[in-house]
Amino acid sequence: MLKLKGEQLYLRAIEPNDLDFLFELENDTSIWEISGTTAPYSRQILELYLQNAYKDIYEAKQLRLCICDFANKVIGLIDLFDFDPGNKKVGLGIIVSEKKNRNKGIGAEALTLVCDYAFNILDVHQVYANVIVSNMASIHLFEKLNFKVVGVKKDWIFANGTYRDEILYQKINN
């Protein structure tokens with residue numbers, strides 16, 4: 001039986017009481033480059049988002065899950081996006097919110113849980129992720145979990161006056 005629970009964390013659906021966490025995270029300009037955000041989000045917009053977060057991944061084509069520790073504190077988010085059940089693929093994004101929680105295996109465990117979910121429940125054939133070439137922590141994480149580099153998108157992200165390449169990672173369910 002598949003569980004969204006690991007040794008040090010569990011994944012759960014996003015809930016209305018996650019508004020403060022979401023507001024802080026979505027308005028953190030230090031991560032806008034990787035999230036594609038270009039303007040701040042208001043609480044009202046995020047409340048509307050949370051009101052519609054109940055939609056099934058087959059309808060919304062995305063699923064956002066909270067990464068929680070066993071003290072029930074939200075410590076990050078993991079997203080499945082661009083879900084394409086016809087071609088059996090889905091994109092993946094992850095953020096562990098506080099630096100003190102990074103490099104402790106949280107990202108690896110959350111990715112493992114969500115990949116198991118995608119492969120076994122959603123029945124996808126592949127999961128893919130996009131990583132900026134300067135994000136060494138994410139590169140290490142995805143390669144550690146056997147994601148393979150399948151391409152580099154040249155000058156893909158424009159931030160702070162410069163273009164940056166983005167690596168396309170893919171994990172095939174064999």
Side-chain angles (χ1 to χ4, degrees), residues 11 14 21-42 45-46 48-49 52-53 55 57-67 74-119 122 124-174:
L11 305 178
I14 196 162
F21 177 83
L22 196 59
F23 181 77
E24 185 178 317
L25 190 67
E26 293 290 1
N27 289 299
D28 181 351
T29 58
S30 71
I31 63 169
W32 280 11
E33 181 180 35
I34 60 170
S35 68
T37 303
T38 57
Y41 283 94
S42 69
I45 292 297
L46 293 171
L48 289 172
Y49 165 76
N52 290 306
K55 291 183 180 176
I57 189 170
Y58 287 90
E59 179 184 356
K61 305 299 181 204
Q62 65 180 15
L63 175 66
R64 176 169 276 183
L65 298 170
C66 291
I67 303 168
V74 179
I75 55 176
L77 295 173
I78 193 160
D79 295 325
L80 294 174
F81 61 89
D82 292 341
F83 177 51
D84 182 349
N87 291 302
K88 295 184 172 256
K89 63 184 176 186
V90 68
L92 171 65
I94 184 171
I95 182 77
V96 176
S97 61
E98 296 178 21
K99 290 183 181 183
K100 70 179 183 177
N101 290 321
R102 297 179 186 157
N103 298 312
K104 294 183 176 179
I106 291 169
E109 190 168 358
L111 281 173
T112 298
L113 291 170
V114 84
C115 284
D116 286 347
Y117 171 80
F119 291 141
L122 299 178
V124 299
H125 176 64
Q126 63 180 286
V127 177
Y128 65 89
N130 302 296
V131 178
I132 295 173
V133 295
S134 60
N135 188 340
M136 299 311 294
S138 288
I139 289 170
H140 173 74
L141 175 63
F142 282 100
E143 291 181 1
K144 174 181 170 184
L145 295 176
N146 298 314
F147 279 75
K148 303 297 181 204
V149 174
V150 295
V152 176
K153 298 179 272 185
K154 304 302 280 181
D155 292 346
W156 199 254
I157 303 294
F158 185 74
N160 301 320
T162 61
Y163 286 97
R164 299 186 189 188
D165 296 348
E166 188 173 78
I167 302 167
L168 174 59
Y169 281 96
Q170 188 178 45
K171 187 170 190 171
I172 305 285
N173 185 19
N174 292 320

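For the single chain, residues carry numbers from 1 onward in sequence order. Hydrogens, waters and symmetry mates play no part in the numbers below; they use all other heavy atoms, side chains included.
Rounded to the nearest 0.5 Å, atoms CG (Leu113) and CD1 (Ile78) are 8.0 Å apart. The structure places NZ of Lys171 at 8.5 Å from CG of Leu111, a figure rounded to the nearest 0.5 Å. Atom CG in Asp84 sits 4.0 Å away from atom CG in Asn87 (nearest 0.5 Å). Rounding to the nearest 0.5 Å gives a distance of 8.5 Å between CD1 of Ile14 and CZ of Phe21. Rounded to the nearest 0.5 angstrom, Asp116 CG and Leu122 CG are separated by 11.5 Å. Rounding to the nearest 0.5 angstrom, the gap separating the CZ atom in Phe119 from the CD1 atom in Ile172 is 7.5 Å.
Nearest heavy atoms, Asp165 versus Asp155: OD1-N, 2.8 Å. The heavy-atom pair separating Cys115 from Val127 by the smallest distance is SG-CG1, 4.4 Å. Among all heavy-atom pairs drawn from Ala110 and Ile67, the shortest one is CB-CD1, 3.8 Å. Nearest approach of Gly107 to Leu141, heavy atoms of both residues: C-CD1, 3.8 Å. Taking each heavy atom of Asn130 and Leu168 in turn, the nearest pair found is OD1-CD1, 3.4 Å. In terms of heavy atoms, Ser134 sits closest to Arg164 at OG-NH1, 4.3 Å.
Side-chain rings of Tyr128 and Tyr169 stay apart, their centers remaining 6.0 Å or farther from each other.
Between Val149 and Glu143, some side-chain heavy-atom pair lies under the 4.5 Å cut-off. Side-chain contact between Val124 and Phe83 is present, with at least one heavy-atom pair separated by less than 4.5 Å.
Here the side chain of Asp82 pairs no donor or acceptor atom with the backbone of Gly91 at under 3.5 angstrom. Side chain of Lys55 to backbone of Leu63: no donor-acceptor contact under 3.5 angstrom is found. Judged by distance alone, the side chain of Ser97 and the main-chain N or O of Ile75 form a donor-acceptor pair under 3.5 Å.
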>> Would Glu26 and Leu46 count as a side-chain contact (heavy atoms from CB on, under 4.5 Å) here? Give the steps.
In response: CA-CA 9 Å; Glu26 293 290 1; Leu46 293 171; 4.2 Å; yes
> Does the side-chain contact (heavy atoms from CB on, under 4.5 Å) test come out yes or no for Phe142 and Ile167, once each step is laid out?
Replying inline: CA-CA 11 Å; Phe142 282 100; Ile167 302 167; over 6 Å; no
>> Run Leu92 and Leu80 through side-chain contact (heavy atoms from CB on, under 4.5 Å) and show every step you take.
In response: CA-CA 5 Å; Leu92 171 65; Leu80 294 174; 3.9 Å; yes
>> Walk me through whether Leu22 and Arg64 qualify under side-chain contact (heavy atoms from CB on, under 4.5 Å).
In response: CA-CA 11 Å; Leu22 196 59; Arg64 176 169 276 183; 3.3 Å; yes
> Yes or no on ring pair (Phe, Tyr, Trp, His ring centres under 6.0 Å) for Phe23 and Tyr41, after CA distance, side-chain angles and deciding distance?
Replying inline: CA-CA 7 Å; Phe23 181 77; Tyr41 283 94; 9.4 Å; no
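Taking a 6.0 Å sphere around NE2 of His125, one finds it holds more than 12 heavy atoms contributed by other residues, nucleotides or ligands. Within 6.0 Å of the NZ atom in Lys89, the count of heavy atoms belonging to other residues, nucleotides or ligands does not exceed 12. The neighbour count for Tyr163 OH, taken as heavy atoms of other residues, nucleotides or ligands under 6.0 Å away, does not exceed 12.
We find that Glu109 and Lys144 are not joined by a salt bridge, their nearest charged nitrogen and carboxylate oxygen being 4.0 Å or further apart.
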